[in-house]
Amino acid sequence: MIKNALLSLKKNIGKTILLFVIIVVITNLVIAGLSIQSATQKSMDQIRSSLGNDVTLSVNFRNMMKNREPGEAVSNEISLTTTMADSLKDLKYVENYNYQISTSANSDSISAVESESDSSNNQQDTNKPNDQPEQESNQGDFTISANTTMEYLDSFTNSNYTLTDGRLLTRDDANTNNCVIETNLASDNDLSVGDTFTITTTVNDETVTQELTIVGIYEIQSTNEIGGAHFNNPVNTIYTDLSVGQTLTGSSENITSATYYLDDPENAEAFVKLAKKKSDIDFDTFSLDANDRLYQQNASSLESMQSFAKMFVWIVVIAGSAILCLILALTIRNRYYEIGVLLSLGQSKVKIIAQQLIEIGLIAAIAFMISLGTGQLTSHYMGNMLESSTSSNVMQMDQKDDQPGDNQNQSNDNNQQKDNTQTKENFLGNVMEGPSNQELDVSITGENVIQLAGVTAAICIVSIVVPAAYVLRLTPRQILSRKEG
């Protein structure tokens with residue numbers, strides 16, 4: 001059969017070249033579609049991974065601002081409590097959690113790092129929304145970030161802040177006076193791990209003094225927050241255990257925010273729905289922020305690209321099979337005599353179909369090998385074309401989200417989560433600027449090669465069996481009587 005197949009290919013060189021060209025085109029388009037599908041899925045996974053797997057519970061200042069009367073002051077009596085936060089920490093999907101209190105303090109034993117405030121900083125402070133909690137309005141020289149644990153803080157997990165000496169605070173530091181400070185603050189005050197200092201604040205007209213022991217020193221590698229007053233300068237941020245924050249705010253229940261770290265970023269939406277169903281928290285007053293706004297923006301365009309690539313593959317497969325079936329049906333008509341003679345000599349129909357498969361299989365094998373090289377170029381071309389077509393949609397979405405009113409509301413939510421959410425936004429602002437600014441990785445993977453081989457084989461089988469079945473259902477006499485040419 002193989003010898004007869006080779007002779008047939010050589011004899012019908014015109015048909016062979018035509019089939020070869022068609023199969024090369026089909027395989028190139030299929031591999032391009034498959035690689036774009038893989039690339040978009042990979043990009044979505046990378047975006048989701050970069051955004052993290054945390055969901056933050058905090059006071060919904062956006063709703064508070066919307067529901068207040070014009071000129072009415074924002075209520076300071078609404079606070080998130082540990083009881084509320086505890087009602088979510090044991091829900092499905094939650095692997096870890098962190099409670100945070102953001103406040104400020106002064107100190108008589110150490111000095112804050114000075115920072116120059118230029119006119120632009122002053123203007124920025126003037127326009128700053130006046131919707132922060134009362135505890136933050138009484139700004140001291142130092143920002144106190146009290147946490148259940150520092151293990152999952154975005155500033156450190158994203159390597160914007162790095163530990164230079166000692167250790168970070170963990171759950172083992174609960175109810176201790178241990179703290180972690182920035183290296184510039186430490187050097188300016190000649191402090192090192194093991195040293196102690198005191199901070200003070202005023203609670204209900206009474207001065208509260210708290211002694212702290214340094215167990216770690218960190219260094220800021222990247223931030224957009226440097227500058228402005230002492231309270232806004234991240235080098236003057238002191239990380240403590242949650243109990244210290246409760247002491248400085250005079251409340252053993254109230255916290256600023258609670259962050260839940262999920263087992264998978266994909267479960268963020270499911271966790272929010274479960275929390276609203278299982279807890280008694282008023283989600284008109286409090287909000288669960290999955291921090292996935294940028295993911296939704298970028299993922300929507302990638303999902304559209306992925307859907308297009310999937311539909312494109314199906315169209316190519318169906319159209320390619322139809323074209324090959326048509327061509328082979330026409331060419332088989334010229335082989336009526338050959339088929340009729342073989343059947344008359346006792347050749348089985350299976351062997352006749354097998355010879356046809358071998359013929360087109362040899363052509364497809366060569367086309368398949370060539371497409372592994374040329375398909376990469378096709379994939380890049382199609383990927384760039386799809387990226388350019390979706391970039392305008394991403395830009396329009398960004399412009400809508402960047403309108404002044406929306407920015408005002410967004411900042412209202414973020415101010416309450418100063419260390420956690422602002423750091424995440426700074427990081428995302430640098431890393432995630434939309435798929436139009438990132439080259440889509442359309443490299444051909446091993447999975448793509450296997451998929452292409454399967455699709456190519458399926459097309460060849462369909463394109464042979466369909467027209468051959470029509471001819472071979474006839475008797476040898478009927479076939480010979482229909483011989484043409």
Side-chain angles (χ1 to χ4, degrees), residues 76 79 99-117 121-122 124-126 128-147 150 153 155 161 166 169 173 175-220 223 225-252 254-257 415-420 422-423:
N76 295 321
S79 299
Y99 299 163
Q100 183 185 61
I101 295 176
S102 296
T103 186
S104 62
N106 293 299
S107 178
D108 295 328
S109 60
I110 61 173
S111 300
V113 177
E114 298 290 341
S115 57
E116 271 185 46
S117 298
N121 288 333
N122 290 334
Q124 182 179 5
D125 292 339
T126 302
K128 190 175 182 179
N130 186 22
D131 58 5
Q132 295 184 4
E134 181 66 25
Q135 65 187 45
E136 293 191 6
S137 62
N138 299 322
Q139 295 184 3
D141 289 343
F142 301 94
T143 301
I144 306 300
S145 179
N147 298 272
M150 294 178 65
L153 292 182
S155 299
Y161 296 1
L169 300 178
D173 293 289
N175 300 315
T176 67
N177 64 341
N178 295 336
C179 72
V180 177
I181 65 174
E182 207 274 334
T183 182
N184 290 286
L185 180 62
S187 60
D188 281 14
N189 292 278
D190 196 24
L191 297 173
S192 58
V193 173
D195 291 343
T196 61
F197 62 92
T198 58
I199 55 175
T200 61
T201 190
T202 301
V203 178
N204 298 325
D205 298 326
E206 293 185 3
T207 300
V208 176
T209 301
Q210 175 72 51
E211 184 181 61
L212 299 177
T213 300
I214 301 172
V215 297
I217 296 175
Y218 68 93
E219 181 178 11
I220 298 177
T223 182
E225 302 175 17
I226 293 179
H230 295 311
F231 186 78
N232 293 327
N233 195 335
V235 299
N236 292 318
T237 298
I238 301 173
Y239 291 90
T240 68
D241 174 60
L242 192 70
S243 60
V244 175
Q246 292 172 335
T247 299
L248 296 177
T249 57
S251 173
S252 60
N254 295 344
I255 58 176
T256 302
S257 65
N415 285 330
Q416 184 68 12
Q417 306 163 28
K418 188 168 183 65
D419 176 78
N420 185 32
Q422 285 186 354
T423 303

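This is a predicted model, so every value here is computed, not measured.
Annotation: the span from Leu242 atom CG to Tyr99 atom OH amounts to 9.5 Å, rounded to 0.5 Å. Rounded to the nearest 0.5 angstrom, Asn106 CG and Asp141 CG are separated by 4.5 Å. In this structure, CD1 on Ile101 lies 8.0 Å from CG on Asn254, to the nearest 0.5 angstrom.
For the pair Ile181 and Ala186, the tightest heavy-atom approach, listed with the atom from each and the gap, is CD1-CB, 3.7 Å. Between Ser104 and Gly140, the shortest heavy-atom contact is OG-N, 3.1 Å. When all heavy atoms of Ser145 and Gln100 are compared, the closest pair comes out as OG-NE2, 3.3 Å.
With sequence neighbours excluded, the residues forming a side-chain hydrogen bond (donor to acceptor under 3.5 Å, both in side chains) with Ser107 are Ser109, listed by chain and number. Taking the salt bridge (Lys or Arg N to Asp or Glu O under 4.0 Å) definition, one finds that Asp173 meets it with Arg167, sequence neighbours left out. Scored by the ring-ring contact (aromatic ring centres under 6.0 Å, His included) test, Phe197 finds no partners at all (sequence neighbours excluded). By the side-chain hydrogen bond (donor to acceptor under 3.5 Å, both in side chains) test, Ser252 pairs with no residue at all, sequence neighbours left out. Every residue two or more places apart in sequence or in another chain that forms a side-chain contact (heavy atoms from CB on, under 4.5 Å) with Asn189 is listed here: Ile110, Ser111, Leu185, Leu191. Taking the side-chain hydrogen bond (donor to acceptor under 3.5 Å, both in side chains) definition, one finds that Ser192 meets it with Asp195, sequence neighbours left out. Residues forming a side-chain hydrogen bond (donor to acceptor under 3.5 Å, both in side chains) with Asp188 (at least two apart in sequence, or on another chain): none.
A 4.5 Å side-chain heavy-atom check between Leu153 and Tyr161 finds every atom pair outside the cut-off. Considering only heavy atoms from C-beta on, Leu169 comes within 4.5 Å of Asn178 through its side chain. Side-chain contact between Ile144 and Ile199: present, with at least one pair of heavy atoms (C-beta onward) separated by less than 4.5 Å.
A side-chain donor-acceptor contact under 3.5 Å links Thr256 to the backbone of Ser102. Remark: side-chain polar atoms of Asn184 are not paired, donor with acceptor, to backbone N or O of Glu182 under 3.5 angstrom. Panel note: side chain Asp241, backbone Asn175; a donor-acceptor pair is recorded below 3.5 Å.
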For residues 203-218, dump all side-chain donor-acceptor pairs below 3.5 Å to protein atoms at least two apart in sequence or in another chain.
{"from": "Tyr218", "atom 1": "OH", "to": "Pro234", "atom 2": "O", "distance (Å)": "3.3"}
{"from": "Tyr218", "atom 1": "OH", "to": "Thr237", "atom 2": "O", "distance (Å)": "3.1"}

